Amino acid sequence: MLKAINDKINKVKEDLALKKVLQEKREKFRSESRWEKKALEQLRITLAKELKDVEKLEKLSISNFIATIMNNKDEKLEKEHEEYFKAKLKFDEQSAKVNMIDRNLENVEERLRNLRNCEREYKEMLDKKLEIIKSSGDYYVSSKLSELELDIDKALKAQKEIEEAESVGRNLVGAIDAAQDSLESAQGWGLWDMMGGEMLSSIAKHNNINDAEESYIYISNLLQSFNKELGDVNFASLSFSSTAIAFDIFFDNIFTDFAVQSKINDALSDTSYLRKNVSDVMNKLEQEREELSLIILNKRKEYEEFIETL
């Protein structure tokens, strides 16, 4: 009887461990969402100001007329366009970050809704179990079972936290692979472009660069999420002195096909380095998760063997 109840309890306790992890993540996402939305609003204000500056300079006005006479209108307009573009880049990155946090929050909320009844189920089965234990009147039995349950609960929570980190890590690997594909394609078209390729090769190259740039926004946000998950399981965060996440390299000071190709090569090298480091961490996470699974298995076996002696 006790063994049958304990089998049911073990299943519910996994749900409870996951629920606790998700509740902690929900609070973190809520806090991050509030903070990042404030930052997004500030960037929105800056972006609107930069756009206004561009539009003002493009309109015919006294200041515009004077600037034209002084032969510095084009220079000023170019500078305003550059400042607007940089502001737009920051705004888009922040907007993508906010959207990702909100999607993560919605996902956690949905998963928590599916776990809303696990406490009630656990309490009902635990009450039945306690009645059986109390009927034995043995304090040692009660203490021993409580000790084993505590060990199992601790290992279960750690296991669920690692699984959450692995989930984000898999998404990060996918984003890195997408960026690598775009860069490798851009690299090929770039070589063709330098050999005298027609406009098609140049368009294809820059389209792939744009695809990579979009991937970097996603990578940047995922890497932040991954590092937070790693912190939850006491893993060191990933950091890089020179990473492909600095996606705006494609838009600054590019004057020749050789310069573009050099930046593509550097970005591809950095992306490959990032891929290797993430893969190494994923392997370590998998190893630790398997070790925890073994601990849980052994503790449950010890628990069941102890029950059989009652």
Side-chain angles (χ1 to χ4, degrees), residues 13-37 39-40 93-115 118 152-180 214-241 243-247 270-296:
K13 288 179 81 170
E14 289 191 15
D15 291 340
L16 285 171
L18 176 59
K19 187 172 184 177
K20 187 173 182 180
V21 170
L22 292 177
Q23 286 173 332
E24 292 174 356
K25 291 183 70 172
R26 179 176 61 185
E27 293 309 309
K28 289 180 181 179
F29 285 142
R30 284 176 174 174
S31 177
E32 288 176 12
S33 180
R34 289 192 294 269
W35 177 264
E36 299 298 348
K37 283 179 179 177
L40 180 63
E93 181 182 11
Q94 185 67 17
S95 180
K97 181 186 294 186
V98 168
N99 289 336
M100 177 176 287
I101 292 173
D102 286 346
R103 286 197 302 271
N104 288 339
L105 181 57
E106 290 175 5
N107 177 262
V108 168
E109 294 281 12
E110 177 63 26
R111 294 170 71 186
L112 283 171
R113 281 193 288 273
N114 295 331
L115 297 170
C118 59
I152 293 171
D153 288 349
K154 183 178 179 180
L156 273 173
K157 184 174 184 294
Q159 184 186 56
K160 295 302 178 184
E161 287 176 336
I162 287 178
E163 289 173 358
E164 291 297 307
E166 288 179 311
S167 178
V168 177
R170 284 191 291 271
N171 290 335
L172 178 56
V173 168
I176 294 171
D177 288 345
Q180 283 184 313
E214 290 179 2
S215 296
Y216 292 150
I217 294 177
Y218 192 37
I219 290 171
S220 178
N221 294 327
L222 280 174
L223 185 58
Q224 290 185 43
S225 297
F226 191 48
N227 280 334
K228 289 171 185 175
E229 296 290 348
L230 293 180
D232 290 341
V233 295
N234 297 320
F235 270 54
S237 298
L238 293 177
S239 61
F240 303 93
S241 58
T243 77
I245 291 171
F247 50 86
D270 289 337
T271 306
S272 299
Y273 179 72
L274 176 59
R275 177 67 160 79
K276 178 184 181 302
N277 279 274
V278 173
S279 296
D280 289 343
V281 172
M282 290 292 285
N283 290 335
K284 292 177 182 178
L285 286 170
E286 181 182 8
Q287 181 180 353
E288 185 155 330
R289 174 170 50 79
E290 291 176 351
E291 290 174 357
L292 285 167
S293 295
L294 184 59
I295 291 173
I296 293 169

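All values derive from a computational prediction rather than experimental measurement.
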Quiz prompt | Leu112 side, atom CG; Lys20 side, atom NZ - distance, nearest 0.5 Å | solution = 14.0 Å

Exercise. Decide, yes or no, whether a salt bridge links Lys284 with Asp280 under the criterion of side-chain N to carboxylate O below 4.0 Å.
Key: no

Self-check item: Name of the residue among Arg111, Arg289, Lys228, Arg170 meeting salt bridge (Lys or Arg N to Asp or Glu O under 4.0 Å) with Glu164
Solution: Arg111

Quiz item: Are Arg103 and Glu106 close enough for a salt bridge, meaning some N to O gap below 4.0 Å?
Solution: no

Exercise. State whether a side-chain donor-acceptor pair under 3.5 Å links Ser279 with Arg275.
Key: yes

Quiz prompt | Minimum-distance pair of heavy atoms, taken over all atoms of Gln159 and Leu292 | solution = N-CD1, 3.7 Å

Quiz prompt | Lys/Arg N to Asp/Glu carboxylate O, Glu229 vs Lys28, below 4.0 Å | solution = no

Quiz item: Given Arg26, which of Leu105, Asn104, Val21 fulfils the side chain to side chain contact (heavy atoms under 4.5 Å, CB included) condition?
Solution: Leu105

Quiz item: Of all heavy-atom pairs between Ile176 and Ile219, which one has the smallest distance, and what is that distance?
Solution: CA-CD1, 3.8 Å

Practice problem: Just do the side chain to side chain contact (heavy atoms under 4.5 Å, CB included) check on Asn114 and Glu110 with the steps written out, would you? | Solution: CA-CA 7 Å; Asn114 295 331; Glu110 177 63 26; 3.9 Å; yes

Quiz prompt | Least distance between heavy atoms, Val281 atom then Phe226 atom | solution = CG1-CZ, 3.9 Å

Exercise. Find the distance between CG (Leu22) and CZ (Arg113) and round it off to the nearest 0.5 Å.
Key: 12.0 Å

Quiz item: If you round to the nearest 0.5 Å, how far is SG of Cys118 from NZ of Lys13?
Solution: 12.5 Å

Exercise. Hey, could you give me the CD/CD distance between Glu161 and Glu288, rounded to the nearest 0.5 Å?
Key: 10.5 Å

Quiz item: With no hydrogens and no angle check, is any side-chain donor or acceptor of Ser220 less than 3.5 Å from a backbone partner on Tyr216?
Solution: no

Exercise. Nearest 0.5 Å please: distance from the CG atom of Asp153 over to the CD atom of Glu14.
Key: 11.0 Å

Quiz item: Any idea which heavy atoms bring Ser237 and Leu230 closest together, and the distance?
Solution: CA-CD1, 4.5 Å

Quiz item: Would you call Lys157-Glu24 a salt bridge at under 4.0 Å N-O?
Solution: yes

Practice problem: Drop me the distance from Asn221's CG to Asn99's CG, to the nearest 0.5 angstrom. | Solution: 9.0 Å

Quiz item: What is the minimum heavy-atom distance between Val278 and Gly169, and which atoms define it?
Solution: CG1-O, 4.3 Å

Quiz item: Shortest non-hydrogen contact from Ser95 to Leu40?
Solution: N-CD1, 3.6 Å

Exercise. Could you check if a side-chain atom of Met282 sits within less than 4.5 angstrom of a side-chain atom of Leu172, using non-hydrogen atoms only?
Key: no

